[in-house]
Structures are given as C-alpha cells and as structure tokens.
Undergrad: 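Can you keep this structure in mind? I'll have questions shortly.
Chain letters run A, B, ... following the sequence lines, proteins first, then strands; residues in each count from 1.
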Amino acid sequence: MTNKPIRVRFAPSPTGPLHIGGVRTALYNYLFAKKHGGTMILRIEDTDQGRFVPGAEDYIIESLEWCGIRFDEGVNTGGPHAPYRQSDRKSLYKEYSDKLIASGHAYYAFDTPEELDELRKMAEASKQTFTYNAVTRKNLRNSLNMSPQEVEQKIGEGMPYVVRFRIPENREVVMNDLIRGKVVVKTETLDDKVLFKSDGMPTYHLANIVDDHLMEISHVIRGEEWLPSLPLHILLYQAFGWQEPEFAHLPLLLKPDGNGKLSKRDGDRLGFPVFPLKWKDPFTGEISSGYRESGYFPDAFVNMLALLGWNPGTEQELFSMDELIQSFSLERVGKAGSKFDPEKTKWFNHQYLIRKSNRELAADFRKIIDSKGFKPDDNTLEKIVELLKERVNFVPELWNEGSFFFQQPETYDEQVIKKRWKAESADQMTALAAFLSSVEPFDSATLDQALKSWIESNAMNMGAIMNVLRLLLVGAAKGPHLADIMAILGKEETIRRIQRGVATIVQL
RNA sequence: GCUCCCUUCGUCUAGUCAGGCCCAGGACGCCAGGUUUUCAUCCUGGUAACAGGGGUUCGAAUCCCCUAGGGAGUACCA
C-alpha cells in the first residue's frame, strides 16, 4: 500500500463552470501527485444526463490549463485506462452492479420516485426522515421481498428498477482520513443508496468506486462534502473485496462574510469572481466574471488558492508552482473551512505584478493601449510601466494611473486648482515653459537638476511650482516623479501642455 | 430532526500530535507617524484572538469531559 505508485484524480461533474473550491481541489491533487512523482488524472463524472451543460467540460479543462495544472492521463490526454469520461464507460458499470447483486450486497428495487417522494413527505410531516434502510426495506417493493421468479418477471416485462446497496446491519465502519484521522460510523445510520439508476447509468457512488479501482487510484483527495458518503464507499470496496485507496477530505471554502459554503451568489453580491474564467450560461445567457478576465495572473491566483487551507509552516507567502510542489503536504492542510478573502487576493496579484519584468508587463499593457489607439514604442512603454507598476494591482489599472502619458489632460482637478493655483501661477508657468525649452538633454536627471536650480534662482517655492506643474501635465495630484513624466512626454509635449493648461485654467 | 466534521486576531494562519521557549508569532485589512514637490509605493509603530465551563498537572492554546456555536450530508445530483 505504501509503495504503490501514487495516482490521484480530479473528477469534476460537467454541470457548469468549475468554481474556485473545485480549482483548489484540483490543485491539491496536482501538488500531491507531483510532489510524490505520481500521476494526475482527469476524469469526467457525467453520469447524470439530466444535468449536462454544454461547454462545461471544455470550460473545466481550459480553467485548469490556465492555472498550470497539467494532467498525465484523462479526457483529451488519453492514457492506459481510457476512456476517462464516465458516459463513455457506461457499458462497464452494469457488470459490477450485477456482481454485487450476485454476492448479496445489493438488490433490485422497483419503488417509483413518486412512491419514495410520498414516503419522504409523510416522514417529514411527522418530523422524521425517511430512509431506505434495514427496517424500511422490508416493506418496500424490492427483490429482498420477492421470489426470484417474480423479480425476473418484472425485469422481463421492462419494469423500471434501480439497484440499491444493502447496508450491512450492526456494524461499525472504521475509516481513516488523512486530514481528520479516524472516523467511526454505525451502519444503522446509513441508508441503502442507489448504485444503478433506472436509466441504465450508475450513480456517482458506484461509478467512482469502480473507476478509482480500475484506474488504480492510490489517494482520493476531494471536498469535505463527500465525507458523509465515505462509509458507503468503504463498504463498497469491502463488498467488492478490493483494496481501498487512502482518503483525504479537504475543508470547504466559505463565503467572506457570514457562514456557509462560498457560492456564485456571494461573488455577485460582494463583487469578486468565484470562477477562474468568465462563463456564459448556455441556457440563461447569464455571464459570470472570471479571474482571468478580471486581470489576475494565473500564478498569483494559484498561489492565493494554495494558501487557503494549506500553509507551509514557514513565513513564506509567495510560491511558484514548483515551490508549492516542493513544500506541499496533506499533513499541513487544515481541518476547518476557510473564508475567502478577496482583498488578500488582490494583494497577491500586486506582489506578482511588481515582480514581473517591465517587458512582460508592457506586452500585456500594450493590448489595452492598442485598443485606445496609441502606438508607443517598446522602450517608452517599458519605462512607463516601470514608473507605474508599484501603484497598481492589475494591468488594466495601469491605464487609470497613467493615461496622461498618452493623452493630455481632458480636465484639471478642481480641488487641486483651488488649493494650488495662485494669482502668480500663470506667469510662473509661462516663464517655466520658456526655461524648459532651453533644457538639454531633456532627460529625468537633467530636468530634476534644472528645475531645482531654476526655482531656487528665482526665489520661488518648490511645492508651489511643482504642484502646479503637475496639475498642468497630469490634470490631477497624482502620478510618478515629475521629471520622469516630462522626460517621457518630451520637451515639445511638456511645453505644449503647460501652455494649454495655463490658457484653460485662466479662463475658468 | 438524525449522522458526521469543525472552532486561535475582522480575515488567512503559526503554535496543538511529542504540555513550559506563547501575558500567543506572521500576513491581509484597518489606524497613526515617517519619507515624498502630488498620489501611490515604501518604512516604522499600533489595533486585535486561544468559543464557554469543568477537570488532569507544579504548569494547558496544547491532554480529558461537558456545553455552546458553525458547517456538511441526509436525491434514481455529483
């Protein structure tokens, strides 16, 4: 067991976009596999035909791809256990269901969904919960209460049936979870879950056990919502006589405020994406925002997600994927759910952004610049990015912080005018423009020196001049060092802006 | 209701398995001060937590019990 090759799977259901909790589950599987030189498998669990959503599978694959999570086997990738889509494996499950019936671990049930609904309603009315179990199954329409001939006849007539697992009586199921430790459950509290549906498809419970066994999965790492069905799964392995894999149930991702599982609605309500990529619902046309489209870097996104529920035990916070693989261990995954923090997510992105090369950022920024119709050369754009990067969390914000590099101010901030514009400002600025025309070379260092000595020699106030100058060049009280801005704008544009600004403000 | 899981600053968490190094450390956020010709960054400082109650022990965030709170599951969904 310990020296079996490590094989893990991420097994999403293509019922919609993958939300960040699912991405984290995939990530932890991936980190665990790579850490131990194991194999990462993508299996699509689409046994519910009624919940099929077009595009969801592609969305999942593209999302994981964006995150840098790679699969060694799976849908699209192929591998020795293909196919990896459960609907393509349909023919295989009946055999296993039959085996369980033959060995007495499962039975046919002919109760209709309507009959069961009725029973549930009645139970609910008396504040009870209906369970299909050792006591109730004695009075229901199943093969346990029929002669073999009767069963055969019903099936022969084409009567719809399901196959249910027969939960053994009076036993304790002892389970070990890698994160939570030992968990014990009495079989009396379990119910006879459906394994095989009347539509000819297995349920998750059967399909997941059969496939995990066939695909030689060594560790099942999945969300905590599966913990309550772990006893059933253990019992299934035992019924088949198979060696069970190790299990690890990950804590949930919780909404930032209040309690409960993070859901799509929380993102809408609080204004942050809950999906890696933008998603358009094929039925309603509704659009959900994604991290990618919101300007997050995949490595920052992955870094943030990795630390939500796991920590390295050191004070390191920034991890590349390789470093995550190196440091990851299931032992250091916490037990309690983590509230998602959109603010810290932004901080992570900022950290990654300031570490990117100017060249890389400039290339990203150019897409935005292009759409605005500006064509700066690479060198200039890289300089601009250099000046701006510390001030933003996202590439698109570069425009908000630095549009003045490309276009003259459309308006001049009224507050700043009120505070800085004095009676003598117009004359001072006109004089400054004249002086600037003589400054050569027009680079940052030279300008810095020239400006200082000009202000001093004219016995003017540094703050007054510089702030007014900034107002004319930028339009507001913001932005990087002025000499840097002027150097990028160039002499001609700088002087032009001063003259235009003076003319405009004087008229106000 | 029932079953299972969980509980350290507002949030993510270290420390819990091997009790003393913890009047509890880091990060995000927030607040204040500093740097700066502006804004942002940055730097410094501050804010703020062992859910509650019993035990065990010389000593408990750490071990045991109880209570409370929260979460998940309870489908012919995954």
Side-chain angles (χ1 to χ4, degrees), chain A residues 11-15 45-48 50-51 109 111-113 116-117 120 123-124 126-131 160-164 175 177 179-181 183-186 188-191 193-199 201-205 207-208 223-231 249 251-252 254 256-261 304 307-317 331-332 334-348 350 354 388-392 401 413 416 420 451-452 455 461-471 474 476-483:
Chain A
S13 183
T15 53
E45 311 225 324
D46 56 348
T47 52
D48 186 354
R51 291 213 304 161
D111 318 274
T112 67
L116 295 173
D117 276 350
R120 287 196 185 93
E124 205 177 319
S126 54
K127 293 204 167 182
Q128 307 251 287
T129 305
F130 168 76
T131 41
Y161 67 88
V162 299
V163 175
R164 285 184 182 272
M175 301 157 282
D177 181 274
I179 292 170
R180 279 148 232 285
V183 179
V184 182
V185 172
K186 292 192 174 66
E188 281 71 21
T189 66
L190 272 21
D191 62 338
K193 280 274 182 292
V194 171
L195 299 179
F196 201 82
K197 300 185 273 188
S198 59
D199 65 359
M201 285 293 253
T203 60
Y204 168 83
H205 300 296
N208 123 81
E224 191 183 351
E225 67 270 25
W226 293 110
L227 197 52
S229 34
L230 182 57
H249 289 88
L252 266 17
L254 274 18
D257 58 342
N259 301 306
K261 255 207 295 200
M304 173 279 294
L307 259 0
L308 215 50
W310 169 84
N311 79 83
T314 66
E315 287 182 359
Q316 184 178 355
E317 298 213 82
E331 290 75 51
R332 295 205 65 88
K335 299 176 183 195
S338 316
K339 287 188 183 180
F340 181 73
D341 184 354
E343 286 307 313
K344 194 152 188 179
T345 307
K346 289 180 191 165
W347 176 81
F348 273 109
H350 177 73
I354 61 180
L388 257 22
K389 65 201 275 193
E390 289 280 357
R391 327 167 76 86
V392 301
E401 288 303 312
D413 190 304
V416 182
R420 305 287 189 186
L451 242 20
K452 273 181 187 144
I455 289 167
N461 179 286
M462 178 76 92
I465 299 301
M466 297 304 264
N467 284 301
V468 172
L469 180 55
R470 176 176 296 278
L471 175 68
V474 175
K478 67 168 191 183
H481 192 64
L482 263 184

Undergrad: Please report the distance separating the P of B:U47 from the corresponding atom of B:A24, rounded so that it comes out in whole Å.
TA: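 To the nearest whole Å, 11 Å.
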
Undergrad: Please classify the nucleic acid contact of A:H249 as base, sugar-phosphate, or nothing, using heavy-atom distances under 4.0 Å.
TA: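 The answer is nothing, as A:H249 stays clear of every strand by at least 4.0 Å.
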
Undergrad: Under 4.0 Å between a side-chain N/O of A:R332 and OP1 or OP2 of B:G15, yes or no?
TA: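 Indeed, a polar side-chain atom of A:R332 lies that close.
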
Undergrad: Would A:K261 and A:E225 count as a salt bridge (Lys or Arg N to Asp or Glu O under 4.0 Å) here? Give the steps.
TA: CA-CA 10 Å; A:K261 255 207 295 200; A:E225 67 270 25; 5.2 Å; no

Undergrad: Side-chain contact, heavy-atom cut-off 4.5 Å: A:K193 with A:R164?
TA: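 Side chain of A:K193 against side chain of A:R164, heavy atoms only: no contact under 4.5 Å found.
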
Undergrad: With the side chain of A:E315 defined as its heavy atoms from C-beta on, choose the nearest nucleotide among B:C6, B:G26, B:G70.
TA: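 Nearest to the side chain of A:E315 among the choices is B:G26.
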
Undergrad: Using whole Å, what does the distance between atom C1' of nucleotide B:U38 and atom CD1 of A:I455 come to?
TA: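 After rounding, the reported distance stands at 14 Å.
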
Undergrad: Rounded to whole angstrom units, what separation is found between the CZ atom of A:F348 and the P atom of B:U11?
TA: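 One finds 17 Å between P of B:U11 and CZ of A:F348, rounded.
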
Undergrad: If we take the P atom in both B:G52 and B:A61, what is their distance in whole Å?
TA: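 So the two P atoms sit 11 Å from each other.
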
Undergrad: Can you tell me how far C1' in B:C4 sits from the matching atom in B:G20, rounded to whole Å?
TA: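 Taking atom C1' in both B:C4 and B:G20, they lie 35 Å apart.
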
Undergrad: Would you indicate what A:P480 reaches in the nucleic acid, counting non-hydrogen atoms under 4.0 angstrom: base, sugar-phosphate, or nothing?
TA: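 Result for A:P480 = base.
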
Undergrad: Between the base of B:U37 and the side chain of A:H481, is there a donor-acceptor distance below 3.5 Å?
TA: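 Between B:U37 and A:H481, which were checked side chain against base, a qualifying N/O pair under 3.5 Å is present.
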
Undergrad: For B:A14, does either OP1 or OP2 sit under 4.0 Å from a side-chain N or O belonging to A:N311?
TA: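 For B:A14, OP1 or OP2 has a side-chain N or O of A:N311 closer than 4.0 Å.
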
Undergrad: Determine the Euclidean distance between corresponding C1' atoms of B:G53 and B:G69; express it in Å to zero decimal places.
TA: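 Between the two C1' atoms, the distance is 14 Å.
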
Undergrad: Any ion pair linking A:E224 and A:K335 (charged N to carboxylate O, less than 4.0 Å)?
TA: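 Looking at A:K335 and A:E224, the cut-off is not met.
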
Undergrad: Which part of the nucleic acid does A:G181 contact within heavy-atom distance under 4.0 Å: base, sugar-phosphate only, or nothing?
TA: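 Nothing, no heavy atom under 4.0 Å.
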
Undergrad: Expressed as a whole number of Å, how far does the P atom of B:C28 sit from that of B:G19?
TA: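 Rounded to whole Å, the distance is 33 Å.
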
Undergrad: Can you find a pair of side-chain heavy atoms, one from A:L227 and one from A:D177, that are under 4.5 Å apart?
TA: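 Yes; the side chains approach each other to less than 4.5 Å.
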
Undergrad: If you measure from the P atom in B:C64 to the same atom in B:G1, how many Å do you get, rounded?
TA: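 My reading of the P atoms in B:C64 and B:G1 gives 27 Å.
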
Undergrad: Check whether any side-chain heavy atom of A:W310 lies under 4.5 Å from a side-chain heavy atom of A:E331, and answer yes or no.
TA: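 Sidechains of A:E331 and A:W310: no contact.
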
Undergrad: Measuring from A:H205:NE2 to A:T47:OG1, what's the distance to the nearest 0.5 Å?
TA: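 Reported value, rounded in 0.5 Å steps: 9.5 Å.
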
Undergrad: Both A:K335 and A:K344 contact RNA chain B. Which one's nearest nucleotide lies toward the 5' end?
TA: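 First, find each residue's nearest nucleotide; the 5'-ward one identifies A:K335.
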
Undergrad: Does the protein touch nucleotides 72-78 of chain B at the base, only the backbone, or not at all? Give it as B, S and - per nucleotide, heavy atoms under 4.0 Å.
TA: SS-SBBB

Undergrad: Considering only atom C1', compute the distance from B:G26 to B:A14 and round it to an integer number of Å.
TA: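 Each nucleotide's C1' atom is 7 Å from the other's.
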
Undergrad: Taking side chain as C-beta onward, heavy atoms only, is A:V163 less than 4.5 Å from A:V194?
TA: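 Not touching, per the 4.5 Å side-chain cut-off.
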
Undergrad: Using the P atom as the reference point in each nucleotide, state the distance between B:A51 and B:C12 in Å, no decimals.
TA: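 The answer is 14 Å between these two P atoms.
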
Undergrad: Both A:E317 and A:M462 contact RNA chain B. Taking the nearest nucleotide for each, which residue is further toward the 5' end?
TA: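 So the residue in question is A:E317.
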
Undergrad: To the nearest Å, how far apart are A:N259 CG and B:U7 P?
TA: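 So the CG-P distance, A:N259 to B:U7, works out to 14 Å.
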
